[in-house]
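No hydrogens, no waters, no symmetry mates; every other heavy atom, side chains included, goes into these values.
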Amino acid sequence: MYSEFTDQVVVVTGATRGLGRAIAEGFARWGARLVLTSRSQQDCEEAASEMAGTYEISRPVAIACDMSDDDAIVACCERVHAELGAVAVLVNNAGLNPGPDFEPLKHDTYRRVFDTNVWGPVHMSELMIPKMVEAGSGSIVNITTVGAYRGAFPVSVYGASKAALLNFTQSMAMQHAASGIRVNAVSPGPFRTPMMDQLAEAIPGFYEFAAENNEMKRIGDPHELVPAVLYLASSHASYVTGEDHVVAGGFFR
């Protein structure tokens, strides 16, 4: 179904755990030439080794890249283009959640979250797009959250940053559609990930509350998000851009 990804260059940020790891494995199953990024080079190397040993793919390229660091993003994109050429698919998954904001957050916390969750993905996209344009096509999928659609206390700054990314998704789609570049988003609801585990530790009953607020009354498994990402990244979605695909067990906006 997605054999078109075989030998295509696919970059997944925040790819070593949680949703990003599941997404990267989804592309690995279809033989993509993967680039895995996260803040830890060791984590990237370990994930690359594990995927190469599990799937019939060449060893993914492992690049440490802090999405709040301009220089790191530039270096990552330059290396990818030098070693692999134009990127066919970019999945901006890396995100930072500072935890529950029961107390007033400091300005530097807001700045760090927005740098990671908004400016980082936008910056990386803009650096990748020129090569996509030269190649004649490209797909960008931004991972946001259902919390982008309404107040998200006690994770307000995370929800607000993802709302901004969702708006940028639509703006980038408008800007680059004529060049054959599609930009879409996937908004997850509650999934069992390390990030969510941290919130659950800080907020008693968090998982139960999250499950109760969708119609399926359960928490998602990260691999349940993957089909939406593969679809939007693929030619099956050739007439889809600027859209958001919500995967949230029946969370109604």
Side-chain angles (χ1 to χ4, degrees), residues 4-17 19-21 23-28 31-52 57-96 111-143 161 164-165 168-169 171-173 175-185 229 232-233:
E4 66 186 79
F5 293 131
T6 301
D7 293 329
Q8 284 196 343
V9 180
V10 176
V11 177
V12 182
T13 70
T16 60
R17 63 179 194 162
L19 297 179
R21 177 63 179 261
I23 291 166
E25 290 179 351
F27 283 103
R33 298 176 68 192
L34 280 169
V35 178
L36 311 179
T37 85
S38 79
R39 283 176 289 181
S40 165
Q41 183 66 30
Q42 181 178 342
D43 289 350
C44 290
E45 295 286 357
E46 290 176 357
S49 180
E50 290 168 3
M51 288 188 204
I57 58 171
S58 58
R59 194 177 190 278
V61 176
I63 304 177
C65 183
D66 182 340
M67 293 298 285
S68 69
D69 184 335
D70 282 354
D71 292 340
I73 293 171
V74 170
C76 175
C77 293
E78 289 180 345
R79 180 179 169 188
V80 170
H81 289 149
E83 295 184 10
L84 301 173
V87 170
V89 178
L90 168 62
V91 181
N92 285 310
N93 165 77
L96 176 64
R111 184 183 294 112
R112 187 162 49 91
V113 172
F114 271 78
D115 280 352
T116 302
N117 296 358
V118 186
W119 171 239
V122 172
H123 190 195
M124 180 166 279
S125 297
E126 293 299 335
L127 291 173
M128 294 290 191
I129 283 172
K131 291 290 186 182
M132 290 180 173
V133 172
E134 290 179 11
S137 65
S139 178
I140 297 172
V141 182
N142 295 322
I143 307 302
S161 69
L165 181 58
F168 267 113
T169 297
S171 297
M172 286 192 291
Q175 180 181 359
H176 299 291
S179 299
I181 311 305
R182 296 183 302 103
V183 187
N184 292 287
V229 178
L232 288 174

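When all heavy atoms of C76 and C65 are compared, the closest pair comes out as CB-SG, 3.9 Å. Taking all atoms of both residues into account, the shortest heavy-atom contact from P60 to A48 is CD-O, 3.3 Å. When every heavy atom of A47 is checked against every heavy atom of T16, the shortest pair comes out as CB-CG2, 4.2 Å. Here the shortest heavy-atom pairing between T169 and A185 reads CG2-N, 3.9 Å. Pairing each heavy atom of L34 with each of A24, the nearest pair is CD1-O, 3.4 Å. Of all heavy-atom pairs spanning M67 and I73, the tightest one is O-CD1, 3.6 Å.
For the atom pair OG (S161) and CG (D115), the distance works out to 10.5 Å, reported to the nearest 0.5 Å. N93 CG to T37 OG1: the interatomic distance, rounded to the nearest 0.5 Å, is 8.5 Å. Here the CD1 atom belonging to I181 is positioned 11.0 Å from the CD atom belonging to Q175, to the nearest 0.5 angstrom. Taking OG1 of T13 as the start and CG of D66 as the end, the distance is 11.0 Å to the nearest 0.5 Å. Here CZ of R21 is found 4.5 Å from CD of E50. Values are rounded to the nearest 0.5 Å. For the atom pair S139 OG and Q8 CD, the distance stands at 9.5 Å (nearest 0.5 Å).
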Margin query: Go through it in stages, so that I can follow the logic: the residues are F27 and V229, the test is side-chain contact (heavy atoms from CB on, under 4.5 Å), and I'd like the CA-CA distance, side-chain angles, deciding distance and then a yes or no.
Written below: CA-CA 9 Å; F27 283 103; V229 178; 4.1 Å; yes
Next item on the list: Please assess W119 against D70 for the test side-chain contact (heavy atoms from CB on, under 4.5 Å), listing each intermediate value before the final yes or no.
Entry: CA-CA 9 Å; W119 171 239; D70 282 354; 2.6 Å; yes
Note to self: The test is side-chain contact (heavy atoms from CB on, under 4.5 Å); show your working for I143 and I23 and say whether it passes.
What the structure shows: CA-CA 10 Å; I143 307 302; I23 291 166; 4.0 Å; yes
Next item on the list: Begin with the C-alpha distance, continue with both residues' side-chain angles, and end with the deciding distance and a verdict on side-chain contact (heavy atoms from CB on, under 4.5 Å) for H123 and V74.
Entry: CA-CA 9 Å; H123 190 195; V74 170; 3.9 Å; yes
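Of the possible donor and acceptor atoms, one in the side chain of S38 sits under 3.5 Å from a partner among the backbone N and O of S40. A distance-only check finds a donor-acceptor pair linking the side chain of R59 to the backbone of E45 [under 3.5 Å]. Judged purely by atom type and a 3.5 angstrom limit, E25 has no side-chain atom pairing as donor or acceptor with the backbone of M51.
Taking a cutoff of 4.0 Å between a charged side-chain nitrogen and a carboxylate oxygen, E46 and R17 do not qualify as a salt bridge.
The side-chain contact (heavy atoms from CB on, under 4.5 Å) with I140 is formed by just one residue from the set M124, M132, H176; it is M132. Of the candidates N184, N92, N117, N92 is the only one forming a side-chain hydrogen bond (donor to acceptor under 3.5 Å, both in side chains) with N142.
Heavy atoms from other residues, nucleotides or ligands lying under 6.0 Å from CD of Q42 number 12 at most.
The shortest distance between side-chain heavy atoms of V80 and K131 does not fall below 4.5 Å.
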